[in-house]
Amino acid sequence: GGGGSQQGSEGGAPYTIGVSNGFISSEWRTQMIQDLERVNKEYMEEGLTEELVIESADVDVQGQIQQMRNLINQGVDAIIVNPNSVTGLNQVIKEASDAGIVVISVDQEIPAEGAINVVIDQAEWARRSAEWLVEQLGGEGDVVVINGIAGHPANEARYDAVKEVFSRNPGIEVIAEANANWDQATGQQKMSNILASETGIDGVWTQDGMARGVLQAIVASDPERFPVVVGEARLGYMRLWHELRQQDEDFSSYGVINPPGVGASGLRVAVEMLRGKELKEGVLSGEANNTIYVPIPGVVNDQNFDEWYARVKDKEGEYVLDGIISREKAQSYFKQ
Amino acid sequence: MKRPRVDPVLIALLLAAGLFALGSLLQPGFGSYDQAMNILRLAAFLGIVAAGQTLVIISGGEGIDLSVGAVVTLGAILVFRLGTGEAGGALLALAIALGVGLLIGAANGLGITLLKIPPLVMTLGMAGVVQGLILVVTRGELRGETPDLLAGLVSGSLAFGIPGVVLVWAALGLLMWLLLWRTPYGRQLFAVGANRTTARLSGVRVPAVVVATYALSGMLAALGGAILLGYTRQVFLNLGDPYTLPSVAAVVVGGTLLAGGVGSYAGTMAGALVLTLLTSLLTALDLPESARQIVYGLTLLALLSLYGRQRALRE
Amino acid sequence: MRAAQALPPRGRLREAALRQSYAFALVLLVAAAAANYALQPNFFNPAVLGGNLMTYLPLLLLAAGQTVVVIGGGIDLSLGAILSLSNVIIVSALGESPGAAQILLAVGAGLLAGALAGAVNGACVAYLRFQPIVTTFATSFVFSGLALYVMPSPGGSVPQGLLSAYGADPLGLPLVFWAAVLVLLAWGLLRSTRYGVYLYATGGDQLSAFVSGVPVSPVRLASYCIAGLMAALAGLAMALSTSTGDPLIGEPLTLSSIVAVVIGGTRLSGGQGGVFGTILGVVVLGLFQSIVSFMGVPSWWQTLINGLIVVVALAGPGLLGLLHRGRRP
Amino acid sequence: MPGEVSLSARHLAKRYGGVVALADGNLEVSSGEVVALMGANGSGKSTLGKIITGAVVPDSGTLLLDGEEVRFSSPHAARRAGIAAVYQELSLIPDMTVAENVWLAHEPLSRGLVKRRERRERTARLLELFRGVVGPSLGPDALVSRLSPGERQIVEILKALSAEPRLMILDEATASLDGEQVARLFELVGGWKAQGRAVVFVSHRMEEIFRIADRAVVLRSGRTVGEAETSRTTEQELISLMIEGGVTKRHIEHPPGPAGGRKILLRAEDLRAPGVRGVSLELARGEILGLGGLQGQGQPELLRALFGALPRSGRLLLGGREVRLSHPRQAMREGMAFVPGDRGREGLLRVRSILENLMLPSWRRYGRLLDLKRARRDAERIAGELRIVMGSLDDPVDTLSGGNAQKVVLGKWLLRAPQILLLDDPTKGVDVGAKGELYAMLGDLRKEGVAILLYSSDDEELLGLCDRVLVMREGRVRRELKSPELTRSALVKASVGTEDGG
Ligand SMILES: Nc1ncnc2c1ncn2[C@@H]1O[C@H](COP(=O)(O)OP(=O)(O)OP(=O)(O)O)[C@@H](O)[C@H]1O
Ligand SMILES: Nc1ncnc2c1ncn2[C@@H]1O[C@H](COP(=O)(O)OP(=O)(O)OP(=O)(O)O)[C@@H](O)[C@H]1O
Ligand SMILES: [Mg+2]
Ligand SMILES: [Mg+2]
């Protein structure tokens, strides 16, 4: 497809869409790419899009800038980017939008001019599980927090929300806090250290990507009474949860879905924009007023666990519970 | 030059004891038996992964293996994927994983000896290649299961609550001791690390020893991956990454000279223990992450000051 | 040697070319550029090329510093952390809408922090005689801890004026070109001073250098300071290109800087090489990445192919050596 | 014209851990004087020299320069005070050029920048001093790594000279030089003397000392035990000062003819290798065959090529059977052994123990799971036979003195009972006492029927030990000498090529 056909109507189709992904060593990211490929196939069959041009490698910010430049050079019509930096891509995004390319930032909200964010609300995501934890503990108890990478924007946004929830409940005390870098093995190690030296843990709040390790450590410590654990909506964790439920009726956990499909959701938004649609008033919000918050697809809790589990248990490995907005949902953001 | 040599292994063990004591002073639960076993178990992972690193560093020639993290991940993934069914399947999967690790290590060794690529960048490049291979083969879908054998071995305890993996580690320690001190390979390895020209002129096939060493390192990293899998019971794309540089640190803290030719696996075991204790202690203490990193770095520096020092130019 | 004397002029030229440590990097550069051109002719459009080259600037500065340390017989695994530290210091010190004085102050503070961090490394290595690899691995924790302390999460902003200065292209050439020229000039100057000779002598053989009267320890200390300063400049470039501070931004660059140094023909064991080669190495690495994108291979294959290209590039000189040896009677 | 100088070292002492390198070092030297510093290996000569140049800090004692106490914090400081040294272990940077090396740390500067052109020119002027005795390739821009040992030695001397020192220490500076080069150096030293410089000269070659020195100071076990004017003393007197218990024989008597019939163990035909341009030779059972000639004529390379350590062409027959040796290991299996010329760099594992050094070529004979008891027994036996003076087999080999370290290198091969022994200048830097023992050992081996190919830079040694000597020049054997032709003058003539035999 020729570049710069933003204003063109359906006549510009099929569109070429580029993807820039700057981090590969995680299951979440690979699933994001798979979702993108799957959804794009839908559009390809209708003749709306071409094969995706995917740039996916472990790169630093500068490397990602280069990825995006390469996409611009290849004349793509839209770029879906999962950014490695909040502001680092400003310049190249501006270049892209000057060239008439639609830029959609997924997963990470960025203030760049010319980009539309399609993300879930990270603070909201964290708040839900924190509130559940507080409720389970009856507003009182000693809590351990296992965070992701210190200094990472998503980590800070989430933990800020959690701290805010905890501060509204003075009975909650954070007795230990560790950074396990969204790494299951590290999560397991940090948690087992904390378990060995702390007694009387009532609850654990953790982010996704580490929760299985954290729970594994708790299981290995063979506690008399399980703490209330905030987990993750991932198959690996749910398998363990399933086992524990069978052994112990009281075991209680909670996982808020953080959908890798947000990338594919971004793709749907991009396609609508390429078709020349305009966003409705009030759809955009966020700090720079350029964000579409897609709904959090759901929550796995003790009540609906069996239902979810039945649905996903035959998936492979570390499947992340997912959600992609429907085409209708995407269209609903636009003026008809 | 007969210097009263302080035994690095002893120092490292004393340090470990000191850190443990300090931990129990600062944090009441830290001194418990459970915690001691927990730390031993965690140290075992680092220690097993660092076994190959020890051989590589002893082999000298700026030897270092930065591909261990990637190979750990690959080893775990292979066992996870292939090790279905009963014990026999698990052992076969383990054998395949070790074989693949061996091949990757041998490729490192060939690049280093035949093509004269500096070990640091050769193994770094190999880490990229292995990571790429993992992605190509799995496409991010990590299906499989953890063989019960491994899970039982690592998490189960045999006697006195000692985790099985610690016994595996001890057995590996014994094997490494035999390998280094009681086999022609071991003695030739030290010779190659101490002086390659002398070794060659004394009939040692230096390239063969070096290739064998990197191959062993790859194999031991794959073994580390399999054992780590027994702990996490699930593989992840970056499972081994956090072990690469700490494995080097464990070897050095254990008194093995980065210049090659001098060192021991007992030292590495003690070094792994010290580093694990340090991390555990810092996790247990209520500090912000920034302070933890600073303290970790400073402590590591202090450890290096004990015997990680090079000779003075002027004595 | 007598044979070398008798070589015909052309043979001598070839010999001279081969002796240049960056000769192979030059070949790689030409090959990589050609491959890029074949795959994507658009690539050499000046605007495109300029934009791409700009992305190499932070790594270029960092790797230039790494080169100095490596030539002096050391290695620095903390440069990425120093980059982050300077980056967050500069951005925090800039504040909301800084005046000229404050900008100078902020940049000065960042550069000073970099040089000091380098001095800490240098002191540990040169005076306390710690082994460089593990020492700088240890200090990298200290520096990144400090960076996290200064700025717990990415933030701050860089004034628009500075940003546009960064994007400027004096005389129609991108800033990175001028930066490379400046770095090379500075390097040329450094090499011509006595310190330059000392640096190579120290890296070549510390003990011999010492007994010959070279102040080995100060020389090594200075090499780490220079690297720290260069990392701080890279941190500044990073701040200008990303318009924000980020305590984690430098980490991925450390190992790349070493690969760039080696591809540029500098010997990791010290005493040989130069910054020109390193600059070529940085560009070559960047071009490799573009080649992989332009080849249009499925995303799953990209990491593998990029890794293989890098390994082949590293193996190049060795392969040539093998062939050469094979040809000799 | 340098100013007057007088240096006085008093009661200098230095210990390394448990080893006393220097216990009570005394030395006086002043303008216009050449003082020889003598002593057995490990007697502390180099240590004394290094203390004077600031490369080593003494534990106690004083150093007076022109009557005032000085303390040099580095070699640099000593050089500023007019003291320069040629060190025993050379101090050149291999990957730098001759000019860069010579002027290292005192480059000619202008406004902070090195004046490269001037540096070249000044180097070229210095090189003039050795014109005619070095090859044409030794120019200011030559890389030191490509020079022969003798050329490096000369660069090292020029480097010391470039500082225009008032006092010059030459620590075994002649060890790698050939006869002509030594002669040229001595001419220069004579000139310096006349200019009022002072020279401290360290050498194990007695003849050189009598040629050049005015006075000899003798060290024994780190103590200055005496001194004498060379014109009023004899070799024997000096040796008895150097060695406790008195006189040692300088040479063994010419050994008796080979036992039994002549059986050729090794035959080489038109052997070519880097530095070796077509050598044919035969080596028989119970024979000591010498390799002579000036330094750098391909002798060490020939030995290496025979041992499979250098790529080569041509035929090699062992016991009548043609072999292809591409690695020392194969040569070892054929019963060959090789003692390399550079003990520290090629013969020893300095950080490892004496036991490990002795066992290195033989480990595989002790089983897959090493029988360490047997290995230790064998090592102890050979150490006893060779009378290696040591603390214990587990001490690092670094703790040994030069002569004992050389015995370890020899011992590790004797453990394998080789049939063919290749020796590259085995007594270089070995003191007279140890030399005598080594000679006796070679005599014994010869008697046992071992075939020995010996290269030596010391003509006396060749004359005293060998049945035949092959004189090499430019990679070829130019002449074969055997008694009665095997004389000193024939050897010298053949070496310099005034009388061409090949
Ligand atoms: N750096 C060192 N560390 C330990 N011991 C040393 C060191 N340098 C010298 N020694 C020891 O000190 C003693 C004196 O050594 P020195 O080199 O001064 O002897 P030398 O008289 O020069 O011998 P040679 O004739 O072999 O050159 C020897 O026993 C030597 O092993
Ligand atoms: N790797 C080994 N393991 C066990 N025994 C060995 C080994 N190598 C050699 N041997 C045995 O040791 C004895 C001595 O063998 P040999 O003289 O060939 O030693 P070598 O030449 O040092 O070793 P190699 O022949 O392997 O180069 C023989 O009995 C031989 O079979
Ligand atoms: Mg000496
Ligand atoms: Mg054999």
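These values consider heavy atoms only, across backbone and side chains, with no hydrogens, waters or symmetry-generated copies. The sequence lines fix the lettering, A, B, ..., with proteins before strands; numbering per chain opens at 1.
- Note: B:L66 CG to C:I133 CD1 = 7.5 Å, rounded to the nearest 0.5 Å.
- Taking the side chain as every heavy atom from C-beta outward, C:L304 and B:L135 never approach each other to under 4.5 Å.
- Interface residue B:L120: only side-chain heavy atoms are found under 4.5 Å from chain C.
- Pairing each heavy atom of B:I294 with each of C:V142, the nearest pair is CG1-O, 3.6 Å.
- Note that CH2 of C:W301 and CG of B:L133 are 8.5 Å apart. Values are rounded to the nearest 0.5 Å.
- With chain B as partner, the option from C:P317, C:A315, C:G307 having the largest number of non-hydrogen pairs under 4.5 angstrom is C:A315.
- Of the N and O atoms on the side chains of B:Q131 and C:T303, not one donor lies less than 3.5 Å from an acceptor on the other residue.
- Highest contact tally toward chain B, considering only C:V259, C:L255, C:V310, is held by C:L255 [criterion: heavy-atom pairs under 4.5 Å].
- C:G145 and B:S290 make their closest contact through O-CB, 3.2 Å (heavy atoms, listed as atom of the first residue, atom of the second, distance).
- In this structure, CG in C:L268 is found 10.5 Å from CD1 in B:I64, a value given to the nearest 0.5 Å.
- When heavy atoms are compared at a cutoff of 4.5 Å, C:I263 does not approach chain B at all.
- Contact of B:P246 with chain C is made through backbone and side chain together, with heavy-atom distances under 4.5 Å.
- Residues C:V311 and B:M122 have side chains in contact (heavy-atom distance under 4.5 Å, counting atoms from C-beta outward).
- For C:S269, the parts lying under 4.5 angstrom from a heavy atom of chain B are both the backbone and the side chain.
- The shortest side-chain heavy-atom distance between C:T135 and B:L304 falls under the 4.5 Å cut-off.
- In terms of heavy-atom proximity, B:L245 sits nearest to C:F137 at CB-CE1, 3.3 Å.
- If you measure heavy-atom distances from B:L258 to chain C, the contacts under 4.5 Å come from both the backbone and the side chain.
- The heavy-atom pair separating C:L314 from B:I117 by the smallest distance is O-CG1, 3.7 Å.
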